[in-house]
Amino acid sequence: MSDLTKLNPQQRDAVETVRGPVLILAGAGTGKTRVITCRIARLLDRGVAPSHILAVTFTNKAAREMQARVRQIVRRPPATDGAGDGERPTLCTFHSLCVRILRRYADRLGYKSNFVIYDEAEQVSVIKRIVSRISGPEAKVDAVAVLAALSKLRNGGTTLAGGDDTAFVIAEHIRPRYESALHACNAMDFDDLILNVLRLFDEQPDALEACRRRYQYVMVDEYQDTNAAQFRLVHALTRTHRNLCVVGDDDQSIYGWRGAEIANLLDLEQHYPEVKVIKLEQNYRSTATILEAANALIRNNARRRPKQLWSNHGAGTLLSLEAYANEDEEARAVVDALEFDRSIRSVPWSDQAVLFRTNAQSRALETALRQSGVRYHLVGGQSFFDRREIRDFLAYLKMFVNPHDDISLLRIANVPARGLSDTTMERLLAASHERHSSVYAVMRSPDAEVGLTTRAQASLKEFVHWVETTRTSLTADPGLNLRAWAEQFLRECGYLEDVRRSEKDPEAAEGRVRNLLDLAASLEDIKSAAPPAERLERFLEELTLDREREQEEQAGDAVTLITMHSCKGLEFPHVHIVGLEEGLLPHSRSQVEGTLDEERRLFYVAITRAMRTLTLSHCGARRRHGQPMPCHPSRFLKELPAHLVEAGSSRKPVSAENARSIFAGLYASLDALE
DNA sequence: AATTGCTAAGTTTTT
DNA sequence: CTTAGCAATT
């Protein structure tokens, strides 16, 4: 029996209510993950088969954390012969759940079960191609904006307000073409994963029934982040048995711009009138002062489920609010404070975090940190997987899995240059449209009317032959070492050489080659006896669905630099929030889009990351587009009760320089005493 | 085919 | 001040 005595009464109630719909309103730092894991343990104690339990999270990180904690709490059931699938509860993200379902039923939806998943860059490239096809190459269209609009349209959100009208018009117009383009490549994007499961449930009642029978107890974490389609999925699964437990906090809904429907949480009673609502309000993270400030701020939001976080950690210190002349001075002062805390109070770097609204703001901080030699760790930024050589490599892999994936094929067809010029590719593409076939199919049997030069034909023949050979070696040997295979094709096609040649700085070139070989080496991480083609599919799937997999544990003792968005779910003893100015927070764009509430929630999330101390700062001027522009303090600062804030120079951070000289003096006088 | 130079624009981001 | 995308040039 799992131990319930360590839980507070509300937590215990949440854990013990295992049947019927439950909404757990879990404020920041109220032990949400613990409740979910205990609840799973409780279900198992009650004799529910693990296979009947499903807990859906929003991120892979959360899923992994929960898996680890469930493993800790729940001792593995005694090994039963051939228990197979049913040994552990399903703890995963929405998208990986859908992939699991879709791999099984893909044929019923007209896909092959080895479908690939397109990430954002690939979606953008599909859109660019469609747009340039229908409105000529001279049309200047923001493909990223169109993609955002398209995603909103397809997910059926209610957030039609704001955004670019032309993007929506274009998105509506190209939607059918976009969908058939992906389908023709046996590819799905992230939205498709959810939408296709919904279609499956709609068209194939037996599949829906099988899933319902399998997942009899469903939990959803970070429920305020679900979009309309995700809600429909959850509803479809639980409509009949009604064992749905959602955990979330409307005050921490900060992804509305990405289609999250806070209404899913606020209006849950519409679909589950009998829902039991449990509020978790005891915070185990922050001081009372920090919580009081957060509560006062968020009270200014109109539509929310009221709650009052409290803590018995004591008042702690007041928030400190500082004003600086510009961002460089602000960064300098923050770094001084970090150094001061470390040298005087022995605060390790890893207990400190600096939070900001936009990624661009990290620059000034990084400069100051480097000048002082402070170790730091920048979360987010552009990803490893956005680098060109990595994208090319993945396109190669996808192309080998499925050469009829036009997007991947087109990306690498002439990279490195192998005589398939733009005009040649244009002709092949045109022919593929005429024939209603893939580009690769045309490549294999180019008719005379495609109109290729003899030279192009020869290059093409060689390329097709090389692809066929490489694919054959992928299927021939069931025990194939994928790493060796990948290294071989990278060398054979001259890609590595091309990277070395195209980079001026030889060190940078070696770095990129290293990236490639590292990624190739991680092909071996797929531990499975499955045939190599299947192992490769799994590898690609994991990489697309979970881009942070590798770079997770590079911590060490370092200060964390992070955006307010990506800090959700984290906590730090000491938090510094910089750039609290009108135009940044709330962001200037939130005014026109009418999302001031969400900006306030963002600030709320940032504040509630702090365990012991919280430092806020703003500048009188900030460089924007190179030019210094005057700035005004954020309106949200006025919403913090004055008696909780210590403003100005009263607790002026002593510069490290200063501190060192003070201590040098101290030691000198001590020496003198001896 | 590749390199250079110009223009334009510049939240948040996971899956 | 950057960076990305595109055009023009060699």
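Numbered from 1 within each chain, the chains take letters A, B, ... in sequence-line order. Everything numeric here is computed off the predicted structure, so don't read it as measured data.
Between N359(A) and dT13(B) there is a side-chain N or O to OP1 or OP2 distance below 4.0 Å. Residue S588(A) places no side-chain N or O under 4.0 Å from the OP1 or OP2 atom of dT11(B). Note on S566(A): a side-chain N or O is less than 4.0 Å away from OP1 or OP2 of dT13(B). OP1 and OP2 of dT14(B) both lie 4.0 Å or more from every side-chain N or O belonging to N60(A).
Under a cut-off of 6.0 angstrom, the local environment of CD in E497(A) is sparse, with at most 12 non-hydrogen atoms contributed by other residues, nucleotides or ligands. For E366(A), the CD atom sits in a packed shell: over 12 heavy atoms of surrounding residues, nucleotides or ligands are nearer than 6.0 Å. In R258(A), the CZ atom is crowded: over 12 heavy atoms of neighbouring residues, nucleotides or ligands sit closer than 6.0 Å.
Residue S421(A) is classed as a sugar-phosphate contact, given heavy-atom separations below 4.0 Å to backbone atoms only. Using a 4.0 Å heavy-atom criterion, one finds that Q123(A) contacts no nucleic acid atom at all.
The CD-C1' distance, from E598(A) to dT13(B), rounds to 12 Å in whole Å. In this structure, Q224(A) places its CD atom 14 Å from C1' of dT14(B), rounding to the nearest Å. Residue K128(A) contributes atom NZ, which lies 9 Å from atom C1' of dA4(C) at whole-angstrom precision. Taking atom CZ of R363(A) as the reference point, atom C1' of dT3(C) lies 10 Å away to the nearest angstrom. Rounded to a whole Å, the CD1 atom of I562(A) is 14 Å from the P atom of dT12(B). What separates NE2 of H565(A) from P of dT15(B) is a distance of 15 Å, to the nearest Å. Rounded to whole angstrom, the span from the CZ atom of R600(A) across to the P atom of dT11(B) amounts to 23 Å. To the nearest angstrom, C1' of dT15(B) lies 15 Å from CG of L182(A).
Under the stacking criterion of a centre-to-centre distance below 5.5 angstrom and an interplanar angle below 30°, F94(A) is not stacked against the six-membered ring of dT15(B). For dT15(B), the base is not stacked against the aromatic ring of H95(A), per a cut-off of 5.5 Å between centres and 30° between planes.
Between the P atoms of dG5(C) and dT12(B), the separation comes to 16 Å (whole Å).
If you check dT15(B), dA1(B), dT12(B) against the side chain of T563(A), the one that comes closest is dT12(B). Here dT11(B) is the nucleotide among dT3(C), dA2(B), dT11(B) with the atom lying nearest to any side-chain atom of H587(A). Candidate nucleotides dT12(B), dA1(B), dT15(B) were compared by shortest atom distance to the side chain of N414(A), and dA1(B) ranks first.
A residue-by-residue look at T59(A) and R357(A) shows that R357(A) has its nearest nucleotide of DNA chain B further toward the 5' end. Comparing G419(A) and L602(A) by the nucleotide of DNA chain B that holds the closest heavy atom to each, the one mapping nearer the 5' end is G419(A).
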Run the side chain to side chain donor-acceptor pair (under 3.5 Å) test on D405(A) and Y118(A) for me, step by step, so that the C-alpha distance in whole Å, both residues' side-chain angles and the decisive distance to 0.1 Å come before the verdict.
CA-CA 10 Å; D405(A) 172 359; Y118(A) 275 1; 2.2 Å; yes
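The side-chain contact (heavy atoms from CB on, under 4.5 Å) search around H235(A) returns F231(A), R239(A), H271(A), Y272(A), not counting sequence neighbours.
Between the side chain of R258(A) and the base of dT14(B), at least one donor-acceptor pair of N or O atoms lies under 3.5 Å.
Looking at R418(A) and E462(A), no side-chain N of the basic residue comes within less than 4.0 Å of a carboxylate O on the acidic one, giving no salt bridge.
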